[in-house]
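One structure is given here, and the rest of the page talks about it.
Note that the structure is predicted; figures quoted are calculated from it, not measured. Order of listing sets the numbers, starting from 1, for every ligand and every atom in it.
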Amino acid sequence: MSTGSVVHAADVEVLHWWTSGGEAAALNVLKEDLASQDIGWVDMPVAGGGGEAAMTTLRARVTAGDPPTAVQMLGFDIQDWAEQGTLGNLNDVAEAEGWADVVPEALQAFSKYDGNWIAAPVNVHSTNWVWANKAILDELGIEQPTTWDEFVAALQTVQDSGKVALGHGGQAWQDATIFDGVVITAGGPEFYKQAFIDLDIDALGSETMVEAFNRMDTLRGFVDDNFSGRDWNLASAMVINGEAAFQLMGDWAKGEFLNAGKVPGEDFLCFRMPGTEGSVTFNSDQFAMFDVSDDDAKAAQAAMAASIMSPTFQSAFNVVKGSVPARTDVPDTDFDDCGKKGMVELAEAAEAGTLMGSMAHGHANRAAVKNAIYDVVTAHFNGEYDAETAAEELANAVEGAM
Ligand code: GAL
């Protein structure tokens, strides 16, 4: 089989949404790993952070009876596709490689369906991070904030200096990504679970949720006038080039800083959204393999799954991507300070029961509920509702989508 000029034993056609500089750099680690095993890569990129456009494209491909070999997928979406009987089973490679011993239960809940392995987890990302430009903080004498109020004061100091306080991209998934953490700052991890995992309607419409929306209003006051529709990696670029001081985004943002040659602790800081310390809202990128009849394609899928789950690959890929390994037995040797901190905090949160699936990235509830939450959060962030109305709308929208 040939991809362009190179002829390989087999190819994998991979649908994904990793199109930013940092994402593409990480993906190259996978492409090269497969090429070294004589497996060709047929690229099927669908731009759009968070993956919504990619999932729309996937549905069209599957409906047309032409599913790709492998697909980047998140959380409950994997379960939805498995329920439709479209995914192949990876039990042979999973058993041969002992995945069950090294993949945390929290991830297995999404990698397996009906007891069968249907996806290979490549990483664990988390969403409740702050990325800060160190030079701006030093210039303005701002210490790393450790409470919500300190964070708001820091944002105000930056804004008063004439710089953009919060670099943000006005897209529903990005607003929702911030909301993951803001809900924890307002009510703590137990409230997050009540609202987004248990879908407790009273919690969703409560005074605590009103407070969460009040805090989104506060953040809204610190973005620049051109935020609407901006891609997430362009907001990262504002912090990288010193136009903005802070970005609230998942640790895929770190991939952009590294791709720009920036060094953690020297050029930028990474810390949990103040008020969420001790909690981790996670999402894991997984590659789900569609059920294919061709033996070569099946063999290529198994080889890709084995590659993704190899300890050396899990280190090499995540060092570049900004996430941490899905496997629990990968040493942190090659990771920078942010990566090391991410690995420790993930293990501690898992231990403490404060490791929770990200609502914004499909690890807390099904797509219908996630999208209903997106609609209310972004409508509020764009001024359509006040905080009280937003909490009311949220409870109604979730109830309607359940
Ligand atoms: C997330 C995905 C990450 C990341 C981000 C921005 O949903 O899990 O890997 O790249 O979207 O595109």
Identify, by atom number and element, the atoms of ligand 1 in contact range of [X], meaning under 4.0 Å from any of its heavy atoms.
{"X": "Trp232", "answer": "6 (C), 12 (O)"}
{"X": "Leu74", "answer": "7 (O), 8 (O)"}
{"X": "Gly49", "answer": "6 (C), 12 (O)"}

- Message: With the threshold set at under 4.0 angstrom, would you say Gly51 reaches ligand 1 through any of its heavy atoms?
- Response: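 No, Gly51 has no heavy atom closer than 4.0 Å to ligand 1.
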How far is [atom] from its nearest protein heavy atom, and which residue and atom name does that atom have?
{"atom": "atom 9 (O) of ligand 1", "result": "Asp285 OD2, 2.7 Å"}
{"atom": "atom 7 (O) of ligand 1", "result": "His361 ND1, 2.9 Å"}
{"atom": "atom 10 (O) of ligand 1", "result": "Glu23 OE2, 2.4 Å"}

[X]/[Y] aromatic ring centres below 6.0 Å:
{"X": "Phe317", "Y": "Trp18", "answer": "yes"}
{"X": "Phe76", "Y": "His363", "answer": "no"}
{"X": "Trp81", "Y": "Phe290", "answer": "yes"}

- Message: Does the plane of the ring in Phe227 sit parallel, tilted or perpendicular to the ring in His168? Use 30° and 60° as the thresholds.
- Response: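 Ring orientation of Phe227 relative to His168: parallel.
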Can you list, pair by pair, the side-chain donor-acceptor contacts under 3.5 Å of residues 391-402, counting residues two or more places apart and other chains?
| residue | atom | partner | partner atom | Å |
| --- | --- | --- | --- | --- |
| Asn396 | ND2 | Glu392 | O | 3.3 |

- Message: Does ligand 1 come near enough to Asn283 that some N or O of the ligand is less than 3.5 Å from an N or O of the residue?
- Response: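 In this structure, Asn283 places an N or O atom under 3.5 Å from an N or O of ligand 1.
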- What residue pairs, at least two apart or across chains, pass side chain to side chain donor-acceptor pair (under 3.5 Å) with a residue in residues 215-229?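 Checked against side chain to side chain donor-acceptor pair (under 3.5 Å) - neighbours excluded - the pairs reaching residues 215-229 are Thr185-Arg215, Glu211-Arg215, Asp217-His380, Asp224-Arg230.
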